[in-house]
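For the single chain, residues carry numbers from 1 onward in sequence order.
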Amino acid sequence: MKLLKQVLGIDVAQKELVVTLGRLYEDLKIELYAYNVFKNTENGFLKLSEWVSKLTDKEIKVLYVMEATGVYHQKFAYYLDEKQEDLSIVLPNKISNYMRTLDIKTITDKTCSEAIARFGLERKLENWKKPKDIHRVLKQLTRERRQITDERTIVKNQLHAEETEAIPHFSTIERLKKRIYFLNTLEKEIKNEIKSIVKEHKELTIDITNICTIPGVSILTAATVIGETNGFELIRSKKQLTSYAGLDVVEKQSGTSVKGKPKISKKGNRYLRSALHLPALSTIKWNDNFRDQYARIVAKHGIKMKACVSVQRKLLELIYVIYKNKTVYDKGYELKKK
């Protein structure tokens, strides 16, 4: 029987790679025929490559498929990119949803790698591309800033609690204030570093300047979106982008008895959603088009957060269109469409 496809499903952990080899035949029969565990180290990568080479058909290139698991998958992904291997990195929620369709009673590292291999054999997946250095740096810096602001919020809450006590401890209050000052200093350093990096790249400067013509969108927001999407490298449509950000609407409806309220999935990049929250509030306040959109949804559903999320989604789509078309925001565009 003619062989159509070969896939290595990889379940990534901090210290090991659990892998399953599978192949798809001309009659669409799937066979999972080899299983192994390798260390998540350079030496482990070499042994894995040798093992795959021995067990696969040299005439058909192997597709490596893995989940995006924090940072633990990155070293192996970069290794495969250097070897010019075909690699697809899939969001964890896609694999977990797929596993629910399979008859798997016990979930282990092995069954996960088998499901990933089967998923790769059944689906047509896009190849992963290594992020550009500038996009990787923007992602690291904007995420570092987010961690600092989250920590600052916690410290501010602690300060408020301490100050409102009946008998506050003044030395504790002073230390909390020093921590807030220190975190403010770190955030300022990161912002300045982002601005400096953007200035060094002419094309990126133009892109971010264009994006910042959108009301409420700052350099920081633009840098976050570009960094988190790798310059929209694998984004092919606005629908795909909103799904990647977890801003897509999901509904649960069956017959006449089951009808859940529509809500956003939140099964996507939380950093994108977070980056768009404050810009959405700002643009609702200062831009007529977004204010009207917000008012219509509030009038229809009576839920302010739903209207705000709708504006976030619209902002993200606008950023994508402006970045791809190398253009600027046109306030009259919505009126021209009518």
* How about Tyr79 and Ser49: does a side-chain donor come under 3.5 Å of a side-chain acceptor? -> yes

N/O donor-acceptor pair under 3.5 Å between Thr56 side chain and Val52 backbone
yes

Test salt bridge (Lys or Arg N to Asp or Glu O under 4.0 Å), reference Asp86, set Lys129, Lys5, Lys61, output is Lys61

**Message:** Under a 3.5 Å distance rule, please check whether Ser243 uses its side chain to pair with a backbone N or O of Lys239 as donor and acceptor.
**Reply:** no

Check: Asp27 side chain, Lys29 main-chain N or O, donor-acceptor pair, under 3.5 Å
yes

Check: Between His277 (side chain) and Arg273 (backbone), is there a donor-acceptor pair under 3.5 Å?
Finding: no

Greater than 12 external heavy atoms within 6.0 Å of Lys199's NZ: no

Distance col, row Ile303:CD1 vs Ser310:OG, nearest 0.5 angstrom, shows 12.5 Å

In short, Val62 meets Leu8 closest at the heavy-atom pair CG1-N, 4.0 Å

Kindly say whether Ile60 contributes a backbone atom to a donor-acceptor pair with the side chain of Gln6 at under 3.5 angstrom?
yes

Give a yes or no on this: more than 12 heavy atoms of other residues, nucleotides or ligands lie within 6.0 Å of atom OH of Tyr98.
yes

Is there a side chain to side chain donor-acceptor pair (under 3.5 Å) between Asn269 and Glu228? Walk through the geometry before answering. CA-CA 8 Å; Asn269 190 307; Glu228 292 295 335; 2.9 Å; yes

What I want to check is whether the side chains of Thr221 and Ser218 have a donor and an acceptor closer together than 3.5 Å. yes

Notebook entry, point to check: Is the closest side-chain heavy-atom distance between Ile10 and Ser113 below 4.5 Å?
Noted result: no

query = Would Lys326 count as a cation-pi partner of Tyr323, with NZ or CZ less than 6.0 Å from the six-membered ring centre and within 45° of the ring normal?
reply = yes

Residues Thr20 and Ala117: closest non-hydrogen pair is O-CB, 3.7 Å

Assess whether ring-ring contact (aromatic ring centres under 6.0 Å, His included) is satisfied between Trp51 and Phe38, documenting all intermediate values.
CA-CA 10 Å; Trp51 180 76; Phe38 299 92; 5.6 Å; yes

- Does Lys130 pair with Glu82 as a salt bridge, N-O distance under 4.0 Å? no

For this session: Carefully, step by step, assess Glu151 and Leu183 under the rule side-chain contact (heavy atoms from CB on, under 4.5 Å).
Result: CA-CA 8 Å; Glu151 184 180 349; Leu183 292 170; 3.8 Å; yes

For Glu114 and Tyr35, what are the C-alpha separation, side-chain angles and deciding distance, and is it a side chain to side chain donor-acceptor pair (under 3.5 Å)?
-> CA-CA 9 Å; Glu114 289 174 345; Tyr35 162 81; over 6 Å; no

Next on the checklist: Quick check against the 3.5 Å criterion: does Glu162 have a side-chain atom that pairs as donor or acceptor with the backbone of His169?
Outcome noted: yes

(Q) Could you tell me if the side chain of Arg136 sits less than 4.5 Å from the side chain of Lys139, heavy atoms only? (A) no

- [ ] Quick one: do Asn287 and Tyr329 satisfy side-chain contact (heavy atoms from CB on, under 4.5 Å)? Show the steps, please.
- [x] CA-CA 12 Å; Asn287 184 271; Tyr329 174 71; 3.6 Å; yes

With the side chain counted from C-beta on, respond yes when Leu159 and Val155 share a heavy-atom pair under 4.5 Å apart, and no when they do not. no

Query raised in the report: Would you find a donor on one side and an acceptor on the other, under 3.5 Å apart, between the side chain of Thr229 and the backbone of Val225?
Result: yes

Measuring only between side-chain heavy atoms, which start at C-beta, is Glu16 closer than 4.5 Å to Asn40? no

* To do: Kindly indicate whether a cation-pi arrangement holds for Lys324 with Phe232, taking the cut-offs as under 6.0 Å to the six-membered ring centre and within 45° of the axis.
  => no

Go through it in stages, so that I can follow the logic: the residues are Ile134 and Ile197, the test is side-chain contact (heavy atoms from CB on, under 4.5 Å), and I'd like the CA-CA distance, side-chain angles, deciding distance and then a yes or no. CA-CA 8 Å; Ile134 180 60; Ile197 289 170; 3.0 Å; yes

Do the side-chain N and O atoms of Thr242 and Glu317 include a donor-acceptor pair separated by under 3.5 angstrom?
-> no

One should read off an interatomic distance between Thr142 OG1 and Lys191 NZ, to the nearest 0.5 angstrom, of 12.5 Å

Between Glu42 and Lys75, does any side-chain N to carboxylate O distance fall below 4.0 Å? no

*asked:* For His160, is there any backbone N or O sitting under 3.5 Å from a side-chain donor or acceptor partner on Thr164?
replied: yes

Taken to the nearest 0.5 Å, the spacing of Leu186 CG from Asn184 CG works out to 9.0 Å

Would you kindly say whether Tyr25 and Arg23 are connected by a side-chain donor-acceptor distance under 3.5 Å?
-> yes

_Quick check: do Asn97 and Arg100 have side-chain heavy atoms less than 4.5 Å from each other?_
yes

*Is the shortest distance from a Lys or Arg side-chain nitrogen in Arg152 or Glu187 to a carboxylate oxygen in the other one below 4.0 Å?*
yes

Separation between OH (Tyr320) and CG (Asn325), nearest 0.5 Å, reads 9.0 Å

Residues Cys308 and Ile284: closest non-hydrogen pair is CA-CD1, 4.4 Å

* Could you walk me through whether Arg236 and Glu126 pass salt bridge (Lys or Arg N to Asp or Glu O under 4.0 Å), step by step? => CA-CA 11 Å; Arg236 298 290 177 265; Glu126 290 198 50; 3.2 Å; yes

*asked:* Could you check whether any side-chain heavy atom of Thr111 comes within less than 4.5 Å of a side-chain heavy atom of Thr106, counting everything from C-beta outward?
replied: no

For the residue pair Leu138 and Ile194, establish whether any side-chain heavy-atom pair is separated by less than 4.5 Å. yes

Notebook entry, point to check: Considering residues, nucleotides and ligands other than Glu203, do more than 12 of their heavy atoms fall under 6.0 Å from its CD?
Noted result: no

_Expected output: side-chain Asp81 to main-chain Ala77 donor-acceptor under 3.5 Å_ = no

Would you check if Val37 and Val19 make a side-chain contact, meaning some heavy-atom pair closer than 4.5 Å?
-> no

Side-chain (Asn192) to main-chain (Lys188) donor-acceptor, under 3.5 angstrom
yes

- Item | Steps toward side-chain contact (heavy atoms from CB on, under 4.5 Å) verdict (Phe76, Leu48) | CA-CA 10 Å; Phe76 188 46; Leu48 186 151; 3.8 Å; yes

- Item | Exceeds 12 heavy-atom contacts within 6.0 angstrom, atom NZ of Lys58 | yes

query: Are there more than 12 heavy atoms of other residues, nucleotides or ligands under 6.0 Å from atom CD1 of Ile107?
result: no

Just checking Tyr181: does its OH atom have more than 12 heavy atoms from other residues, nucleotides or ligands closer to it than 6.0 angstrom? no

